[in-house]
Amino acid sequence: MKKFDADYKLLEEMYEDGYFPGFLVDKVRNLVQEVIDFLESGEKDLEEIQEKFDEMTLAVNDLQEEFEDNGSELETGARESIGETVDYILKWFNIDMDVEDAIRERDW
């Protein structure tokens, strides 16, 4: 069971950009952390991993209205930050999956 890189800052670009309310970025980070916790358990089944990423992505989709209500939106900057974070996670855990497949359920 491999632990995730404690030095990696999840969603760093979103946190650094004042356009994204910190408390909402925290919600996205918590969803990402659930996937990391799942992967730290040693799961290697790609279907199970994809299902977990789908759950995360659908939950992020559900946050769009809350972002809009707070003067923000899940747009290019968010998409890139989330994508970079997911890509790092995939590489860290040696998961042979394309980042676009991992977040295939996104509508942002």
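Fair warning: this is a prediction, and the values are worked out from it, not measured in the lab.
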Student: About how many Å separate OG1 of Thr85 and CD of Gln33, when rounded to the nearest 0.5 Å?
Tutor: 11.5 Å

Student: Please tell me if the side chains of Phe23 and Glu66 come closer than 4.5 Å, counting only heavy atoms from C-beta onward.
Tutor: yes

Student: Using atom types as modelled and distance alone, determine if a side-chain donor or acceptor of Asp45 lies under 3.5 Å from a backbone N or O of Glu47.
Tutor: yes

Student: If the plane angle is over 60° it's perpendicular, under 30° parallel, otherwise tilted; pick one for Tyr8 and Phe4.
Tutor: perpendicular

Student: Check the side chains of Asn30 and Glu34 for a donor-acceptor pair under 3.5 angstrom, ignoring hydrogens and angles.
Tutor: no

Student: Between Asp54 and Gln50, is any side-chain donor less than 3.5 angstrom from a side-chain acceptor?
Tutor: yes

Student: With rounding to the nearest 0.5 Å, note down the distance linking CD1 in Ile36 to CD1 in Ile89.
Tutor: 4.0 Å

Student: Quick check: does any side chain N or O of Asn61 sit under 3.5 Å from a backbone N or O of Glu105, one acting as donor and the other as acceptor?
Tutor: yes

Student: Can you tell me how far CG of Leu11 sits from CG of Leu31, rounded to the nearest 0.5 angstrom?
Tutor: 9.5 Å

Student: Is the shortest side-chain N to carboxylate O distance from Glu12 to Arg29 below 4.0 Å?
Tutor: no

Student: Please check if atom NZ in Lys44 has more than 12 non-hydrogen atoms from other residues, nucleotides or ligands closer than 6.0 Å.
Tutor: yes

Student: Nearest 0.5 angstrom please: Ile95 CD1 to Phe53 CZ, how far?
Tutor: 5.5 Å

Student: Please check if Phe38 and Leu46 belong to a single hydrophobic cluster, counting links between Ile, Leu, Val, Met, Phe, Trp and Tyr side chain heavy atoms closer than 4.5 Å.
Tutor: yes

Student: Heavy-atom distance under 4.5 Å between the side chains of Tyr15 and Leu10, does that happen here?
Tutor: no

Student: Do side-chain atoms of Trp108 reach the backbone of Val60 as a donor and acceptor pair under 3.5 angstrom?
Tutor: no

Student: Might you work through the side chain to side chain contact (heavy atoms under 4.5 Å, CB included) test for Leu74 and Arg106, ending with a clear yes or no?
Tutor: CA-CA 10 Å; Leu74 293 172; Arg106 72 179 167 88; over 6 Å; no

Student: Search all heavy atoms of Gln64 against all heavy atoms of Asp107 and return the closest pair with its distance.
Tutor: NE2-OD1, 2.6 Å

Student: For Asp7 versus Asp5, what's the shortest heavy-atom pair and its separation?
Tutor: N-OD1, 2.9 Å

Student: Compare all side-chain heavy atoms of Arg104 with those of Thr57 and state whether any distance is below 4.5 angstrom.
Tutor: no

Student: Taking NZ in Lys91 as the centre, count heavy atoms belonging to other residues, nucleotides or ligands within less than 6.0 Å. Is the count above 12?
Tutor: no

Student: Would you check if Tyr19 and Glu75 make a side-chain contact, meaning some heavy-atom pair closer than 4.5 Å?
Tutor: yes

Student: What I'd like to find out is whether the side chain of Ile49 reaches to under 4.5 Å of the side chain of Phe93, using heavy atoms alone.
Tutor: no

Student: Give a yes-or-no answer on whether the side chains of Ser81 and Glu13 include a donor-acceptor pair shorter than 3.5 Å.
Tutor: yes

Student: Are Phe20 and Phe67 packed together at the side-chain level, in the sense that at least one heavy-atom pair is separated by less than 4.5 angstrom?
Tutor: yes

Student: Going from CG on Leu39 to CG on Asn94, what distance comes out if it is rounded to the nearest 0.5 angstrom?
Tutor: 11.0 Å

Student: Any side-chain heavy atom of Ile103 sitting closer than 4.5 Å to one from Met56?
Tutor: yes

Student: What distance separates Glu100 CD from Asp87 CG, expressed to the nearest 0.5 Å?
Tutor: 10.0 Å

Student: Are Glu40 and Lys2 close enough that some pair of their side-chain heavy atoms sits under 4.5 Å apart?
Tutor: no

